[in-house]
Number of protein chains: 2
Amino acid sequence: MDTQSLQAFLAVAESGSFSRAAEQLHLTQPAVSKRIAVLENQIDARLFDRIGRGISLTEAGRLLLPRARQILVMVDDSRRALGNLEGSVGGSLTLATSHHIGLHRLPPLLKAYTRAHPEVRLDLHFLDSEEAYQGVLDGSLEIAVVTLAPHPDPHLEVEPLWVDRLGFVCAHDHPLASRGRLDLHELCEFDAVLPGPLTFTRGLIEARFAAAGLRLPVALSTNYLETLKMMTAIGLGWSLLPERLVAGELHELTIDHPPIHRPLGYIVHRSRTLSNAARAMLAMLEAAREPFARAAGR
Amino acid sequence: MDTQSLQAFLAVAESGSFSRAAEQLHLTQPAVSKRIAVLENQIDARLFDRIGRGISLTEAGRLLLPRARQILVMVDDSRRALGNLEGSVGGSLTLATSHHIGLHRLPPLLKAYTRAHPEVRLDLHFLDSEEAYQGVLDGSLEIAVVTLAPHPDPHLEVEPLWVDRLGFVCAHDHPLASRGRLDLHELCEFDAVLPGPLTFTRGLIEARFAAAGLRLPVALSTNYLETLKMMTAIGLGWSLLPERLVAGELHELTIDHPPIHRPLGYIVHRSRTLSNAARAMLAMLEAAREPFARAAGR
DNA sequence: GCGAATGGAGACCGAAGGGCTCCTGGGCGG
DNA sequence: CCGCCCAGGAGCCCTTCGGTCTCCATTCGC
């Protein structure tokens, strides 16, 4: 009972004649006869009574007719839906980001996106970068806009968009604030307030200190930069925060060390087909790319 | 986009693997690959992303999945409905009968039928026999239980069930009532009250008189035997009525003429498939057949 | 890091199906 | 009563579809 047979059945039922159904289907009449015969064999019942010149539906035919019509309409509908998919932006977009990016980078983008594509249901998740990476890998996320990992999974396509310069900061009344030029081991004399040990940003910092043969004196950590900033401001220790987050509320230390940057960008799965909604989002993200971010992030 | 492809698509989507889908469908894995490939070519979009070991749906796949499921459910449902048709009695039964039969022969049958098959919606029409014949011929009626025509259309299957012996009757105070043995031409001296000129019963009567070279002196006619009986009872003329209808209320004349019988029975279209509801009705009608009616009616 | 295992896809082949042409047969109208 | 219309059957051919074999990529274990 495939769509071909049902189509033949419908054509015959509606035209009231095998021959007319045939020309309507661009087939010959015997072909239509065969299709109906196949269908009748499958269901083990006659669908039409052949009476003289005309035909009429049997009870089985009357039973099948509305269902056949419904099935074919649905098939046609599916075909059309798939055809319209080409180019149309719709459906839902599952997107993950970090709190920091979601708060400081994405708002204007998301606003523009939802205005440009109101049919898209945005499914926005705030996740740690590691979870976001995993989500993109296993397909539960289409896009993640996060801190970029230093050695990303080869399955992932990683596009840097922005670079955060991380500044060493402390509260204005912190002992370090009164010092002049510092180097890393001097920092180690004081407690640090840093992102969680499994974050990429923490990894960046740890790497720098490890390279200098130092261990970080971390007093406490949290994954939310806003919280880190607050804890630093009340004097719990020094921290390393994006400079745009500090904005005078904290004292920025001058450290005798090359500046630390962290790349932010989006990741998508390399071999997964992106939805149109996702492609539109990527286009917007690309348009928001900072100059030189690409080179800096690589 | 036929049901086979959709089934393969659904199996792959649900099992998450071409191979598992294959064994589920009792096919080999390449066959499933091919079906999906055909489907993907038809809709000109990939349905699955093949990533390493596993697969995942693309946007097109996600769009198609619920529709495919719905379509297949509907196909399955149709198949089951057609399967259940075999043997199950339901739907509606369009049945025609004459007033006389409907009043005097069918009531117990209809009562038993509706009790045995409460799911059947009885669509009962009271029609003149000629209209009923036409209705069965053109398919607007499944069964007609009527006075049987002498020369039925060859498309019709005609089954005699009962025989009405028609008796010549008049009112007890009618001039004829006092006479003894009569012959046909004596009857012609008095007005008759008979069924309408186009009824089969009327035809039977006319034929007898015509064979004797007589013309019927019809005062008035109506198609309802009950009305004829009433009109006869009030003395408007003599009539020819089923003896079981008379039951002492009228005077039965003794006529020097072989008795007139009219066959009652059902007619169905010879080449039309009967619904189960109709077959069940026919079985009941056959069970109610009077002995010898079959022979007498032929 | 290399080999084995797993899973999908392509090449090829055989069988089946489905379409076409031609023809038959039954009904219906002239 | 003959011709026409229309459904169905026969034979033929090509397409399709499924199976086997094989390849290739990925992944997992050692």
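Below, chains carry the letters A, B, ... as their sequence lines are ordered, and counting in each starts from 1. Given the structure is predicted, the values throughout are model-derived calculations rather than measurements. All values below were derived from every heavy atom in this structure, side-chain atoms included, with hydrogens, water molecules and symmetry-related copies excluded.
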Using the side-chain heavy atoms of [X], tell me which of these nucleotides is nearest: [options].
| X | options | answer |
| --- | --- | --- |
| B:Gln4 | D:dA7, C:dT21, D:dG18 | D:dG18 |
| A:Ser17 | C:dG10, D:dG8, D:dA7 | D:dA7 |
| A:Pro30 | C:dG19, D:dG9, D:dA7 | D:dG9 |
| B:Leu27 | C:dC28, C:dT21, D:dG18 | D:dG18 |

Exercise for review: Select from B:Val38 and A:His155 the residue whose nearest nucleotide in DNA chain D is closer to the 5' end of that strand.
Suggested key: B:Val38
Practice item. Kindly say whether B:Thr147 contributes a backbone atom to a donor-acceptor pair with the side chain of B:Arg262 at under 3.5 angstrom? Key: no
Whole-Å distance between [N] [atom2] and [X] [atom1]?
| X | N | atom1 | atom2 | answer |
| --- | --- | --- | --- | --- |
| B:Glu40 | C:dG8 | CD | P | 13 Å |
| A:Arg35 | C:dG17 | CZ | P | 15 Å |
| B:Ile36 | C:dG10 | CD1 | P | 13 Å |
| A:Asp49 | D:dC6 | CG | C1' | 16 Å |
| A:Asn41 | C:dG18 | CG | C1' | 15 Å |
| B:Ile55 | C:dT6 | CD1 | P | 18 Å |
| A:Gln29 | C:dC23 | CD | C1' | 12 Å |
| B:Leu47 | C:dG8 | CG | C1' | 15 Å |

Point to revise | Most 5' of A:Asp2 and B:Ala37 on DNA chain C, judged by nearest nucleotide | key: B:Ala37
**Study point:** Donor on one side chain, acceptor on other, B:Gln24 and B:Ser15, under 3.5 Å
**Key:** no
Check your understanding: Under 3.5 Å, is there a donor-acceptor pair linking the side chains of A:Ser19 and A:Glu23?
Key -> no
Exercise for review: Look at the side-chain N and O atoms of A:Thr28 and state whether any lies under 4.0 Å from the OP1 or OP2 oxygen of C:dG19.
Suggested key: no
Exercise for review: Give A:Ser19 one of three labels, base, sugar-phosphate or nothing, depending on what nucleic acid heavy atoms sit under 4.0 Å from its own.
Suggested key: sugar-phosphate
Check your understanding: Under 3.5 Å, is there an N or O donor on one side and an acceptor on the other linking the side chain of A:Lys34 and the base of C:dG17?
Key -> no
Review point. Do you know the tightest heavy-atom contact between B:Ala144 and B:Val136?
Key: CB-CG2, 3.7 Å
Review point. Below 4.5 Å, heavy atoms only, C-beta onward: do B:Met281 and B:His117 meet side chain to side chain?
Key: no
